[in-house]
Q: 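Below is the structure I would like to discuss, written out as structure tokens.
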Amino acid sequence: MDMPTMYRVRVGRHGRTRLLTTRERLALIRRTAIRGAAFEAAASASPLRGTHEVLVHQNIMAMGEGLTRIQDDEDLDRMRGSGQLVDFTQSRSLRVNPELPENRRVARPWTVTFAQDLGQEFYEKFGEPLMVTSAARSVNYQRRLTHVNGNAAGIEGEAASPHLTGQAIDIGKRGMTRAQLAWMRDRLQAIMQAGEIDVEEEFRQACFHISVYRTYLPSEGPVMKQDLAQFPVPTVETPEQTQP
């Protein structure tokens with residue numbers, strides 16, 4: 001019987017592999033367990049840890065704002081052409097992951113404005129830019145993602161990925177100092193309590209997942225803050241289970 005891939009190691013220049021020794025396998029298992037425990041501890045300590053309730057709230061808000069889900073690349077391009085989705089403008093304070101496909105470097109207008117504003121605040125505080133690591137996605141893309149990532153949110157129902165409406169972005173955490181992480185948590189929590197965003201801090205993907213609502217721009221569209229009062233900001237109580 002072949003040994004699982006995780007118990008093999010590549011050697012040499014030609015991609016050959018060999019089996020790990022018993023000692024190496026045990027060390028790998030210990031490191032994996034320690035890493036998993038660290039993720040859980042960090043998630044439990046974060047005031048912005050994700051919950052199923054927060055994910056559902058994001059979908060309720062999208063429905064209340066009349067947002068539709070992007071079905072495929074053709075639908076995405078149509079929404080870009082009509083201005084329903086707009087491109088991120090990279091600057092000294094905001095960057096976009098260069099590995100993100102060109103046509104998915106977009107989001108709802110108020111989401112893009114939020115990212116630019118947050119990036120500018122962060123830059124003025126720390127002299128470094130924020131990085132958008134994910135933005136709008138299509139249903140077709142998310143369906144493929146669920147096949148390779150068991151933690152990815154679904155494509156329909158109350159727990160679908162908020163990225164499918166273009167309202168959500170991920171801001172990368174890799175390389176952030178403790179001071180920068182603390183500032184991000186405090187700033188995002190304040191905006192969340194104002195009812196303008198929902199935030200889920202992710203640890204395995206090392207990002208802040210943020211859904212931004214029309215209320216961030218009070219003049220944007222027919223849905224105002226008073227119309228959304230029926231959708232209260234959920235209380236965050238339990239560790240995240242599903243990655244949006």
Q: Measuring from Thr165:OG1 to Met61:CE, what's the distance to the nearest 0.5 Å?
A: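 Taking OG1 in Thr165 and CE in Met61, the distance rounds to 11.0 Å.
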Q: Given side-chain contact (heavy atoms from CB on, under 4.5 Å), test Gln205 with Arg174 step by step and report yes or no.
A: CA-CA 9 Å; Gln205 300 299 324; Arg174 294 191 187 282; over 6 Å; no
Q: Would you call Lys173 and Glu202 a salt bridge, using N to O less than 4.0 angstrom?
A: no
Q: Which residues satisfy the side chain to side chain contact (heavy atoms under 4.5 Å, CB included) test with Arg187, sequence neighbours excluded?
A: Leu118, Glu121, Trp183, Ala190, Ile191
Q: Partners of Asp87 by side chain to side chain contact (heavy atoms under 4.5 Å, CB included), sequence neighbours excluded?
A: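 Here the qualifying residues are Arg80, Val106.
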Q: How would you list, by chain and number, every residue that makes a side chain to side chain contact (heavy atoms under 4.5 Å, CB included) with Asp170, sequence neighbours excluded?
A: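 Listed in chain order: Thr133, Ser134, Arg137, His163, Cys207, His209.
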Q: How about Ile70 and Val139: do any of their side-chain heavy atoms sit closer than 4.5 Å?
A: no
Q: If we ignore angles and hydrogens, is there a donor and acceptor under 3.5 Å between the side chains of Tyr213 and Asp198?
A: yes
Q: Any chance you could measure Leu164, atom CG, to Asp75, atom CG, to the nearest 0.5 Å?
A: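 One gets 11.0 Å once the value is rounded to the nearest 0.5 Å.
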Q: Do Pro109 and Val86 touch side chain to side chain, with heavy atoms closer than 4.5 Å?
A: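 Yes, side chains in contact.
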Q: If every non-hydrogen atom of Ala136 is compared with every non-hydrogen atom of Gly166, which pair is closest and at what distance?
A: CB-CA, 4.1 Å
Q: Would Phe88 and Leu85 show up in the same hydrophobic cluster when neighbours are defined by side-chain heavy atoms closer than 4.5 Å?
A: no
Q: Would you say Leu100 and Ile210 are hydrophobically clustered, going by side-chain heavy atoms of ILVMFWY under 4.5 Å?
A: yes
Q: Would you indicate whether the side-chain heavy atoms of Ile197 and Leu188 approach each other to under 4.5 Å?
A: yes
Q: So Arg108 and Leu67, do their side chains get closer than 4.5 Å, heavy atoms only?
A: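 Leu67 reaches Arg108 side chain to side chain.
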Q: Rounded to the nearest 0.5 Å, what's the gap from CE on Met192 to CD on Glu200? Could you check?
A: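 The CE atom of Met192 sits 8.0 Å away from the CD atom of Glu200.
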Q: Kindly determine whether Glu158 and Ile60 satisfy side-chain contact (heavy atoms from CB on, under 4.5 Å), including the steps that lead there.
A: CA-CA 7 Å; Glu158 64 179 12; Ile60 291 175; over 6 Å; no
Q: Going by heavy atoms in the side chains, are Leu181 and Arg178 under 4.5 Å from each other?
A: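 No, side chains not in contact.
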Q: Quick one: does Arg78's side chain get under 4.5 Å of Gln71's, heavy atoms only?
A: no
Q: Using side-chain heavy atoms (C-beta onward) and a distance below 4.5 Å, is Met63 in contact with Asn59?
A: no
Q: Closest approach of Ser93 and Gly119, non-hydrogen atoms and distance?
A: CB-O, 3.4 Å
Q: Assess the side chains of Arg104 and Asn97: does a donor N or O sit below 3.5 Å from an acceptor N or O?
A: no
Q: Looking only at heavy atoms, what is the nearest atom pair of Glu65 and Thr215, with distance?
A: OE2-N, 4.3 Å
Q: Is the backbone N or O of Ala107 less than 3.5 Å from a side-chain atom of Thr111, with the two atoms forming a donor-acceptor pair by type?
A: no
Q: Say whether Glu53 and Thr51, considering side chains only, have a donor N or O and an acceptor N or O under 3.5 Å apart.
A: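 Thr51 and Glu53 do not have a side-chain donor-acceptor pair below 3.5 Å.
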Q: I need the minimum non-hydrogen distance between Leu55 and Ala159, along with the two atoms involved.
A: CD2-O, 3.5 Å
Q: Is there a donor-acceptor contact under 3.5 Å from the side chain of Gln90 to the main chain of Val96?
A: yes
Q: Less than 3.5 Å apart, any donor N or O on the side chain of Glu124 or Gln120 sitting next to an acceptor on the other?
A: yes
Q: Counting C-beta onward and ignoring hydrogens, is there a side-chain heavy-atom pair between Phe122 and Met184 closer than 4.5 Å?
A: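 A side-chain contact under 4.5 Å exists here.
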Q: Is the count of non-hydrogen atoms from other residues, nucleotides or ligands lying under 6.0 Å from Glu74 atom CD greater than 12?
A: no
Q: For Val199, does its backbone N or O pair with a side-chain atom of Glu201 as donor and acceptor, under 3.5 Å?
A: no
Q: Identify the two heavy atoms, one from Ala115 and one from Ile169, that lie closest to each other, and give their separation to 0.1 Å.
A: CB-CD1, 3.9 Å
Q: Distance alone, cut at 3.5 Å: any donor-acceptor contact between the side chains of Gln58 and Gln167?
A: no
Q: Looking at every heavy atom in both Pro129 and Tyr123, which two are closest together, and how far apart are they?
A: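 Scanning both residues, the minimum pair turns out to be N-CD1, 4.2 Å.
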Q: For a quick check under 3.5 Å, do Asp117 and Tyr216 share a side-chain donor-acceptor pair by atom type?
A: yes
Q: I would like to know whether Ile171 and Met131 meet side-chain contact (heavy atoms from CB on, under 4.5 Å); could you show each step before the answer?
A: CA-CA 6 Å; Ile171 299 292; Met131 173 74 75; 6.0 Å; no
